[in-house]
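Not measured: the values here are computed from a predicted model. One-based numbering, in listed order, for ligands and for the atoms of each. Hydrogens, waters and symmetry mates are skipped; everything else that's a heavy atom, side chains included, is used. We number each residue from 1, following the sequence as shown.
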Amino acid sequence: MSFFKKMEIPKSEERNEGSSSPTEHIRCLILGSGPAGYTAAIYAARANLKPVIYQGLQPGGQLTTTTEVENFPGYPEGITGTELMEDLKKQAERFGTDVRWGMATKVNFSSHPYKVWIDDKTLITADAVIIATGATAKYLGLESEEKYKGSGVSACATCDGFFYKGKDVAVVGGGDSAAEEALYLAGLCNKVYLIVRKPFLRASKIMQQRVFSNPKIEVLFEHVTKEIYGDGVVQGVRLIKHQGQPDETEVDLKIDGFFLAIGHTPNSDIFKPYVETDETGYIITKGNTTHTNVPGVFACGDVMDKTYRQAITAAGTGCRAAIDAERWLSEMGL
Ligand code: NDP
């Protein structure tokens with residue numbers, strides 16, 4: 001007897017909750033359409049699991065907000081994030097994946113088949129669920145940041161950078177995202193301040209070199225953001241230099257755009273009542289597999305990977321999730 005046959009999966013006869021129309025049943029449901037979701041779909045479709053993928057809030061995932069992807073193997077000249085995701089989608093569809101608009105807004109994994117609500121209205125049931133919902137950009141949590149969201153505050157330079165052509169902007173963060181955003185904006189803007197809270201960058205060496213050698217980028221180490229100000233739209237930002245040190249001072253930058261690049265939060269909230277996560281919300285998977293604590297529910301990509309968070313590693317875990325799902329379904333006779 002296999003490990004999973006020993007696990008009790010509560011069976012539910014209920015296929016129709018609060019609706020007069022019959023509930024659709026899906027054998028392999030994939031939530032999220034980044035590299036993890038589409039790779040899972042390619043493998044699941046080729047294994048004849050007839051996967052259905054709901055694309056989520058950001059079809060194509062985070063890569064659609066980036067410019068050039070230079071590190072995805074197989075593209076010696078690089079490829080744009082949008083093109084890469086379009087290719088992955090086409091590849092998934094070629095083998096029969098049903099790609100749909102819509103976002104999972106609620107789940108009930110307390111009995112099997114599992115229930116998933118799409119856009120708060122459509123209830124579907126699924127034998128296996130692959131969670132590939134990715135992660136979302138973090139904000140600093142300042143009141144003024146909230147006030148100017150969409151009026152000068154953005155978490156996506158490639159989406160909004162165009163509006164700041166020839167202007168002065170600031171980017172917060174010291175990782176690869178911040179370096180990438182600063183470089184992208186330097187190609188459009190007059191001046192880019194990179195606001196870094198530590199005395200060093202966390203970004204990879206190659207990205208650091210590009211940042212330091214770009215004459216339009218000025219790196220402000222050991223600066224934290226106090227508040228963004230303006231008059232309907234952003235006009236500047238007040239920073240604190242050397243916070244908590246004897247030489248602490250306030251710095252005022254006149255800028256038109258303020259870009260966040262301080263990391264991401266995993267999109268795992270709706271699963272938390274059932275699926276185990278760590279203290280920062282990343283879904284916990286078992287050992288070297290994509291199994292969660294709920295039998296038949298698998299997690300892949302940025303929602304479960306806080307270490308690597310790369311398109312290629314997300315794709316790798318997507319492949320593993322589909323293989324795990326296929327084996328589990330077959331072992332369970334589903
Ligand atoms: P990271 O977690 O690597 O970096 C976040 C940065 O934001 C850190 O410098 C951190 O500072 C800073 N930060 C966090 N919170 C705050 C705050 N409240 N105020 C000020 N600064 C803050 O996230 P990234 O999104 O940059 O990267 C995520 C992963 O994706 C990494 O593995 C990265 O390598 C990868 N990536 C790769 C790219 C590429 O290869 N082209 C492009 C983009 C990302 P501190 O250092 O002090 O903690």
Side-chain angles (χ1 to χ4, degrees), residues 34-36 58 61-75 77-85 134-146 153-159 161 170-187 193-212 214 217 219-228 237-244 251 253 258-267 278 280-282 301-317:
Q58 191 172 49
Q62 290 176 66
L63 273 194
T64 56
T65 66
T66 195
T67 42
E68 204 66 10
V69 180
E70 295 177 339
N71 51 11
F72 200 91
Y75 297 96
E77 305 305 324
I79 183 167
T80 69
T82 312
E83 279 173 319
L84 176 58
M85 294 320 300
T136 301
K138 273 188 201 163
Y139 284 80
L140 294 169
L142 300 171
E143 218 172 276
S144 54
E145 175 189 56
E146 198 57 42
V153 171
S154 165
C156 177
T158 38
C159 316
V171 177
V172 188
D176 278 324
S177 298
E180 198 177 66
E181 305 262 283
L183 289 162
Y184 177 77
L185 290 165
Y193 297 99
L194 185 57
I195 304 166
V196 184
R197 65 180 175 184
K198 288 204 175 127
F200 56 85
L201 291 177
R202 190 199 286 205
S204 54
K205 288 283 173 263
I206 185 165
M207 295 300 271
Q208 292 197 25
Q209 277 163 14
R210 288 181 194 170
V211 164
F212 291 132
N214 191 309
I217 303 176
V219 184
L220 303 173
F221 286 113
E222 294 182 87
H223 283 66
V224 296
T225 308
K226 185 179 173 198
E227 68 168 345
I228 300 147
V237 60
R238 289 189 191 95
L239 308 173
I240 302 170
K241 183 181 177 183
H242 293 166
Q243 191 175 37
V251 176
L253 296 181
F258 184 82
F259 289 86
L260 281 307
I262 58 167
H264 293 83
T265 307
N267 298 322
D278 71 8
T280 47
Y282 286 89
D302 284 11
V303 75
M304 51 73 81
D305 174 16
K306 69 196 292 182
T307 311
Y308 300 105
R309 294 176 292 181
Q310 301 297 300
I312 189 64
T313 52
T317 55

Q | Residue selection (non-hydrogen contact nearest atom 24 (P) of ligand 1) among S177, G175, S204 | A | S177
**Q.** Any donor-acceptor pair under 3.5 Å from E181 side chain to A157 backbone
**A.** yes
Q) How about V69 and Y75: do any of their side-chain heavy atoms sit closer than 4.5 Å? A) no
(Q) Within the structure, is a non-hydrogen atom of F200 found at a distance of less than 4.0 Å from ligand 1? (A) no
Q | ligand 1 versus K138: contacting region, heavy-atom distance under 4.0 Å | A | neither
(Q) Closer than 3.5 angstrom, by distance alone: can the side chain of E145 be matched with the main-chain N or O of G141 as a donor-acceptor pair? (A) yes
Q) If you measure from each heavy atom of Q310 to ligand 1, is any distance below 4.0 Å? A) yes
Q | G173: numbered ligand 1 atoms lying under 4.0 Å from its heavy atoms | A | 7 (O)
(Q) L140 versus ligand 1: do any nitrogen or oxygen atoms come within less than 3.5 Å of each other? (A) no
Q) If you count the non-hydrogen atoms of other residues, nucleotides and ligands that lie under 6.0 Å from CD1 in I206, is the total more than 12? A) no
Q. Who pairs with T280 by side-chain contact (heavy atoms from CB on, under 4.5 Å), at least two apart in sequence or on another chain?
A. D278, Y282, K306
Q. Going by heavy atoms in the side chains, are N71 and I312 under 4.5 Å from each other?
A. no
**Q.** Counterpart residues, side-chain contact (heavy atoms from CB on, under 4.5 Å), relative to D176 (two or more places apart)
**A.** A203, S204, M207
**Q.** Atoms in ligand 1 flagged as close to Y308, the criterion being non-hydrogen separation under 4.0 Å
**A.** 32 (O)
Q | Polar proximity ligand 1 side, R202 side, N/O cut 3.5 Å exclusive | A | yes
Q: Keeping the roles fixed (side chain from T317, backbone from G301), state whether a donor-acceptor pair exists under 3.5 Å.
A: yes
Q: Below 4.0 angstrom from a heavy atom of H264, which ligand 1 atoms are there? Numbered from 1 as shown, please.
A: 25 (O)
Q) Against heavy atoms of E180, which atoms of ligand 1 measure under 4.0 Å? A) 41 (N), 42 (C)
Q) Which of the atoms in ligand 1, numbered in the order shown and given with their element, are less than 4.0 Å from a heavy-atom of N71? A) 39 (C), 40 (O)
Q. To which of K198, R197, R309 does the heavy atom nearest atom 11 (O) of ligand 1 belong?
A. R197
